[in-house]
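Side chains are part of it too, since the values below use all heavy atoms of this structure and drop only hydrogens, waters and symmetry mates.
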Amino acid sequence: MTRSTLILVSISSLFAISSVAPASAEIQTVTSKPTVGSLAPGQSVLFDDKKCPSGMIAKFTKAQKRTSMKRSCVHQ
């Protein structure tokens with residue numbers, strides 16, 4: 001193979017590997033309301049707190065460097 005073909009194959013392989021998310025990156029749905037102490041920094045979970053519009057669920061995300069959480073409604 002030529003050098004340019006090898007480079008293209010290498011780049012294609014890197015894109016294929018980087019587009020696959022690890023299983024641990026999946027957001028879990030929990031049955032009890034998350035607290036700052038129950039989440040790791042940067043971790044997100046889904047919890048149905050009945051405050052979002054129909055067809056949506058609450059997503060709670062703990063901040064990376066602060067002891068706070070963000071709540072948003074996302075599509076299920």
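Residues K70 and K59 have side chains not in contact (no heavy-atom distance under 4.5 Å, counting atoms from C-beta outward). Taking the side chain as every heavy atom from C-beta outward, P53 and H75 never approach each other to under 4.5 Å. Under the 4.5 Å side-chain criterion, counting only non-hydrogen atoms from C-beta, V74 is in contact with L46. Taking 4.5 Å as the limit, every side-chain heavy atom of V45 sits out of range of all side-chain heavy atoms of T29. Using a 4.5 Å heavy-atom cutoff, the side chains of D49 and K33 are not in contact.
In this structure, K62 contributes its side chain and L39 its backbone to a donor-acceptor pair below 3.5 Å.
Under the 4.5 Å side-chain heavy-atom criterion for grouping Ile, Leu, Val, Met, Phe, Trp and Tyr, M69 is not connected to I27 through any hydrophobic cluster.
With sequence neighbours excluded, no residue forms a side chain to side chain contact (heavy atoms under 4.5 Å, CB included) with S32.
Q76 approaches M56 most closely through the heavy-atom pair CG-C, 4.3 Å. Shown here for C52 and R71, the closest heavy-atom pair between the two residues is SG-NH2, 3.4 Å.
To the nearest 0.5 angstrom, F60 atom CZ is 10.5 Å from T35 atom OG1.
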